[in-house]
Amino acid sequence: MSRYNARVAEAKWQKAWDDKGIFQTENSSDKPKYYVLEMFPYPSGRIHIGHVRNYTMGDVLARYKRATGHNVLHPMGWDAFGMPAENAAMEKKVHPAEWTYANIDAMRAQLKMIGLSIDWSREFATCDATYYRHQQAIFLELVKAGIAYRRSAQVNWDPVDQTVLANEQVIDGRGWRSGALVEKRELTQWFLKITDYAQDLLAGLESLERWPDKVRLMQTNWIGRSTGVHFTFQLSVPDGHGAQGVSPGTLDVYTTRADTLFGASFCAVSADHPLAQAIAEKMPDAKAFVDKCRQMGTSEAALETAEKLGFDTGIFADHPFVAGHKLPVYIANFVLMEYGTGAIFGCPGHDQRDLDFARKYGLPVTPVVLPDGETADGFEIGDEAFDGDGRMINSEFLDGMTIPEAKKAMADRIEKAGFGHQTTNFRLRDWGVSRQRYWGCPIPIIHCPSCGAVPVPDKDLPVTLPDDVSFDRPGNPLERHSTWKDVSCPQCGGDATRETDTLDTFVDSSWYFIRFCDPASATPADAAASTYWLPVDQYIGGVEHAILHLLYARFITRALKDLGHVAVAEPFAGLFTQGMVCHETYKDKNGDWVPAEDVIHDGGRPVQRDTGEEVTVGPVEKMSKSKKNTIDPEHIIDQYGADTVRWFVLSDTPPERDIEWTAAGIEGAWRFTQRLWRTVDDANGHIASEEAAKGTSDEGRAAALRKAAHKAIADVTGDIEGFRFNRAVARLYELTSTVQSFNGQNPQGAAELAALKEAAETLVQLAAPMMPHLAEEAWSALGHDRLLADTDWPVADPDLVKDDVIKMAVQVNGKRRAEIEVAPDLGKDKVEEIALGDEAIKRALGEKSPRKVIVVPNRIVNIVA
RNA sequence: GCCCCUGUGGCGGAAUUGGUAGACGCGACAGACUCAAAAUCUGUUGUCCGCAAGGACGUGCCUGUUCGAGUCAGGCCAGGGGCACCA
C-alpha cells in the first residue's frame, strides 16, 4: 500500500498543467463561455485563509465548468493602490511601489501553491501604469459626459498631522496618530454623478436573479427611493431677533409623511444649511452650536448615535394650514444636508427621533394618527412614537382617512395651493472620488488660472506617479513635488499645476473585470473580447462588499455602456457572497493578545508553545492582525498540502456562512486525504488482480455499487451547481466509505470489478475540483494518460439514480408512529391501505377511528383521529 | 441609531423549501489489530424514563396559522456584517 505524498504530487501536477498551458483561455471558442471571478485581493503581503476560501470556491466552479465543456475565463489580478502602502512607507521607510510589488510577488507565489486553475497570462495590478492609463482616459470621458464634476465637500482634517483622515482613522473624534481633535474642512473635490443612475441601478436589481436576495435588498435600501412632498414654509423673524434681515424668508422641506403635517411642532435644519450659516454669522451662540456640530464625525453612524441636540434660532415657520400656528425653527445635529433639502418638519407623535427631540426641548406632542382599535378620547403618545397604521385625527380635512389617503389628499392640497409638489427622492448621494493621497491613480487634470480645469490630452496619458517622493513629512507628497506638479497649460501654454488628488481605489475595482477580457487592449475595453466574455457569469466575494463595491461597479459598467465601451449594463450575472474565516482568540496573563500560531494544546490546556505559559481563550472572531488570531496558509500547506487545505475550507460550513478554523478540522481533512488515496489504491489492487478476475461476481452487489456511484454523480453535480460545497464534501465521504467497504469484501469477477473501477474513477473525478492534485495522481494511477483536468465530467445514468423502494413515515395526529416501505409513486389509496394495516398504527389508533388520512406521495402519511 | 443576515446534539452542520429533525464530519466511549504506541478498522453516541418493547421532551424565547412548523406570520432576545475616505 502506497502513501500519498502531497508535496511531490502537487509540484508535479502544477507543472504538468503549466507545461500544457491548459488554463490559458482564448477569447473565442465553439464551447459556451463561462467567466468566473473572485474579488481580487489587496496585496497586503501574505495570503490569508479568507483568500484561500474565496479562491478555492471559485476554482471548484472553474474546474467543474471546464469539465462540463465550457470555455472558462478565470483570471487574477491585484487591487494594488491604497493607504496601507503609504502607511508602510511612513513606518518602514520603503517606497509604496516597492512595497506593493514585493507583496504581489510573495502573494502570487502563495496563490500558485494552492493549485488554482487561473489564466496567469492576464494578470495585472491596478497600480500598473498600463492599467491606470485607461482609467484616466475613462475619467476624462466621464468629465466630458458631465458625469464627473467638481464641487466643495467636507473631509476629516487632522490639524496636527495636516492631513485628511479616512473615517476609520478617526477614533472617538480624534486622529489615530496625532490624537488631535478632528475638524471638518471644505475642499473642492471630484464627484461622479451616480445619482443620475439611481433609478436605473434600482430597476436593474430586478433582473439580477442569481444575486442573493439580501444583497439586492441592501442595495435597494441604500439607493433609498422614496416618494414624498417638497414644500415651502414662510418664515417669520420676530422683531428684535439677532438674525434680523438675514433670513431668506422661506424654508424648503422634504417629507415622506405629509399626512402628519397637522402634528408638526417644530422645524429643524442641518448645521450646514444656508439658513443655519446665515444665522451663525449674526448670532455668536448659533455659531458656537454650528461649530460644535462640525466636530462630529462625518460618518452616518456617528451622526445617528450622537445625542440629539438642537439650537432654537428664535425664528418661526408658519404652519401652512393653521393660521397663527408658529413652529419654532431649530438647527439640529441629526438633520443631514445631503438628504432631501437639509431641512425637515418634526412630527413627534409619529417619529421616534422627533419625539425624543420634542421631549428634550419641551415641544408639544399631538397625535394625528389613531391606531386601529383605539378611541380618540384620551389617546396620547407616551415614550414611544406610533408609526403604524391607523386613521387620521386632529387633522381637519384629513380626519378619518387612512395614512395613504391622507398622504395623497395633503399632497394634492399643497400642489393646488401652489407652495409645493410631489416628488421622488433618493437617499443615494454622488460618489466623491478625490483622495488627498499619493498612492492612487492620478486624476489627469491640469488647473490653469485662465482656462480652469483642463483635461490632460490623450497623447500625454498616462499621467504617471513620480517615483522620487518622501513620506517623512505629513500630507500628500504630490503637493510639494514641484517638477511633477508645475506644468504648462495644454490649452493656453501658461503656467499651471497638476491636480494632486488621486482617485478613490473603488474606481480601480469598478472596471477591472472588464480589463481581464483583454488586458493588452489599446482601448480601455476591447469590443470583441468584452462582448464575448461579459457579463461575469459568477462573481464571488465577501458580503462586506455587498453595497459599495458592487454598486460602484454596476454604475461604472452602465456609464461605460453609455460611452460605447461595453455592451452590457450589468457586470455580474451571478453573485455569491461568502462568509468570513474566524478563529479563537488568546490572551496572556497581562491581557495581551497571543498569536494563535504560538498556542498549542498541552493535555487539553491551551499554552504558549515557547514558554508553556497558560493562555486564556477568548471568543471566536474574524481573523485579524490586531487580534493576532490569523493562521498563515503557507505554513498549513507546507505541513498538509494544498488539497487538504482546500478540502477543509470547503467542508462542513456552508460557503455563505462564517467558518471557524480549528486544528482538529484540518487534521480531519488531512486524514480524509489519505483515506481517499488508500481507497483508490486498494481498489486499483483488486482491479489489477488476475486472481480476482477469475472469480464469480455477485450481480446484486455490483449493481448496488453502481447505483451508489451514479447517485453521487447526481448529488455532487447538483451541490456544486448550487454552491453547496459542504454537502458535496459529505456526499464524497459517503461514496468513499461505500467503495472502501466494497474493497473490504474481496470483490471478484467481471461485473464486480467493472463496477469497482467505475466507482473508483467516479470518486476521483467528483473529488477533482476540490482536490485537483490528488485526483490527478489517482487518475494517473488508475491507468489514464490524459490529464484529468482535461477530462469530461461524469454523467449520471437516470435509471441508476432512481429509488426502487421508498420509506414513508406514518403519523397519527402529527406524531410519527410507524414507517412503511412502498414502491415509488404508489397510488394514494394503496398507501393509505398499507398504512392503516400496519400493526404499530393499529396499536396507536386503539379505540379511535381515522377521520381523515392525508397522503403526500413518496413522503408521509398523516392519520387524523 | 438605521439597513441586512444568522441562531438546530459536546462541536461544525444536514433536512428534497410546509412532510420521518440530527445526513456527513469532528469529538467522546467501547472493541479489534499491536510487545506497545501511532495509524487503521468495527460498533455506540440529542435529553429524560425504562432491563427491554416502548414512551415523553426537543431546532434562541413567546404567541399564532396548519392534518403537520427547524421551515410561514407577529412580537422579543443574542451574535455578526454594512453605514458612503479601510479594502
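In what follows, chains are A, B, ... by sequence order, proteins preceding strands, each numbered from 1.
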Geometric class of the [Y]/[X] ring pair [parallel <30°, tilted 30-60°, perpendicular >60°]:
{"X": "A:Y552", "Y": "A:W431", "answer": "parallel"}
{"X": "A:Y512", "Y": "A:Y539", "answer": "tilted"}
{"X": "A:Y733", "Y": "A:W647", "answer": "perpendicular"}
{"X": "A:F334", "Y": "A:F357", "answer": "perpendicular"}
{"X": "A:H545", "Y": "A:H549", "answer": "perpendicular"}

Please report, rounded to the nearest Å, how far the [atom2] atom of [N] is from the [atom1] atom of [X].
{"X": "A:H549", "N": "B:C86", "atom1": "NE2", "atom2": "P", "value": "16 Å"}
{"X": "A:E86", "N": "B:A87", "atom1": "CD", "atom2": "C1'", "value": "14 Å"}
{"X": "A:Q169", "N": "B:C86", "atom1": "CD", "atom2": "P", "value": "8 Å"}
{"X": "A:E304", "N": "B:G82", "atom1": "CD", "atom2": "P", "value": "18 Å"}
{"X": "A:K711", "N": "B:U16", "atom1": "NZ", "atom2": "C1'", "value": "11 Å"}
{"X": "A:E839", "N": "B:G54", "atom1": "CD", "atom2": "P", "value": "13 Å"}
{"X": "A:N743", "N": "B:U40", "atom1": "CG", "atom2": "C1'", "value": "14 Å"}
{"X": "A:D652", "N": "B:C26", "atom1": "CG", "atom2": "P", "value": "9 Å"}

Closest to the [X] side chain, choosing from [options]:
{"X": "A:E734", "options": "B:C24, B:C41, B:A84", "result": "B:C24"}
{"X": "A:Q811", "options": "B:G19, B:A23, B:G25", "result": "B:G19"}
{"X": "A:F506", "options": "B:U20, B:G25, B:A87", "result": "B:A87"}
{"X": "A:P654", "options": "B:G25, B:G13, B:G80", "result": "B:G13"}
{"X": "A:R671", "options": "B:G13, B:C85, B:G27", "result": "B:G27"}
{"X": "A:K807", "options": "B:G55, B:U20, B:C85", "result": "B:U20"}
{"X": "A:R859", "options": "B:A87, B:U16, B:G13", "result": "B:U16"}
{"X": "A:N167", "options": "B:U20, B:A84, B:C24", "result": "B:A84"}
{"X": "A:R816", "options": "B:G7, B:C85, B:U20", "result": "B:U20"}
{"X": "A:R675", "options": "B:C3, B:C41, B:G19", "result": "B:C41"}

Base, sugar-phosphate alone, or nothing: which one does [X] contact when heavy atoms must sit under 4.0 Å apart?
{"X": "A:E338", "value": "nothing"}
{"X": "A:R427", "value": "base"}
{"X": "A:T662", "value": "nothing"}
{"X": "A:K815", "value": "sugar-phosphate"}
{"X": "A:V215", "value": "nothing"}
{"X": "A:G665", "value": "nothing"}
{"X": "A:P41", "value": "nothing"}
{"X": "A:A546", "value": "nothing"}
{"X": "A:N726", "value": "sugar-phosphate"}
{"X": "A:V810", "value": "nothing"}
{"X": "A:I863", "value": "nothing"}
{"X": "A:Q189", "value": "base"}
{"X": "A:R851", "value": "nothing"}
{"X": "A:S651", "value": "nothing"}

I'd like the [atom1] distance from [M] over to [N], given in whole Å.
{"N": "B:G75", "M": "B:G68", "atom1": "C1'", "result": "24 Å"}
{"N": "B:G74", "M": "B:U20", "atom1": "P", "result": "25 Å"}
{"N": "B:U34", "M": "B:G25", "atom1": "C1'", "result": "28 Å"}
{"N": "B:U59", "M": "B:G70", "atom1": "C1'", "result": "5 Å"}
{"N": "B:C72", "M": "B:A39", "atom1": "P", "result": "43 Å"}
{"N": "B:U8", "M": "B:G79", "atom1": "C1'", "result": "16 Å"}
{"N": "B:U65", "M": "B:G18", "atom1": "C1'", "result": "12 Å"}
{"N": "B:G60", "M": "B:U71", "atom1": "P", "result": "8 Å"}

Quiz item: Where do A:Q169 and A:D158 land on the side-chain hydrogen bond (donor to acceptor under 3.5 Å, both in side chains) test, with the steps shown first?
Solution: CA-CA 10 Å; A:Q169 297 172 319; A:D158 186 320; over 6 Å; no
Would you mind checking if [Y] and [X] are paired as a salt bridge, meaning a charged N to carboxylate O distance below 4.0 Å?
{"X": "A:D504", "Y": "A:R435", "value": "yes"}
{"X": "A:R427", "Y": "A:E300", "value": "yes"}
{"X": "A:R53", "Y": "A:D658", "value": "no"}

Mate of [N] where both pairing distances stay under 3.5 Å, Watson-Crick or G-U:
{"N": "B:U42", "result": "B:A30"}
{"N": "B:U6", "result": "B:A78"}
{"N": "B:G25", "result": "B:C11"}
{"N": "B:U16", "result": "none"}
{"N": "B:U47", "result": "B:A56"}
{"N": "B:U65", "result": "none"}

Exercise. Please state whether the base of B:C85 and the side chain of A:R437 form at least one donor-acceptor pair under 3.5 Å?
Key: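 Pair found.
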Quiz item: Which comes earlier along RNA chain B counting from the 5' end, the contact point of A:N862 or that of A:L217, where each point is its nearest nucleotide?
Solution: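 The residue closer to the strand's 5' end, by nearest nucleotide, is A:L217.
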Quiz item: Starting at the 5' end of RNA chain B, which residue's closest nucleotide do you reach first, A:E168 or A:N813?
Solution: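 Its nucleotide being nearer the 5' end, the pick is A:N813.
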Quiz item: When syn is taken as a glycosidic angle within 90 degrees of 0, is B:G46 syn or anti?
Solution: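 Anti.
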Quiz item: Under the rule syn = chi within 90° of 0, otherwise anti, which is B:U47?
Solution: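 Base orientation relative to the sugar is anti.
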Quiz item: Given the rule in the ring-ring contact (aromatic ring centres under 6.0 Å, His included) test, do A:W661 and A:F648 qualify, once you have shown the distances and angles that lead to the verdict?
Solution: CA-CA 9 Å; A:W661 180 273; A:F648 173 77; 4.6 Å; yes
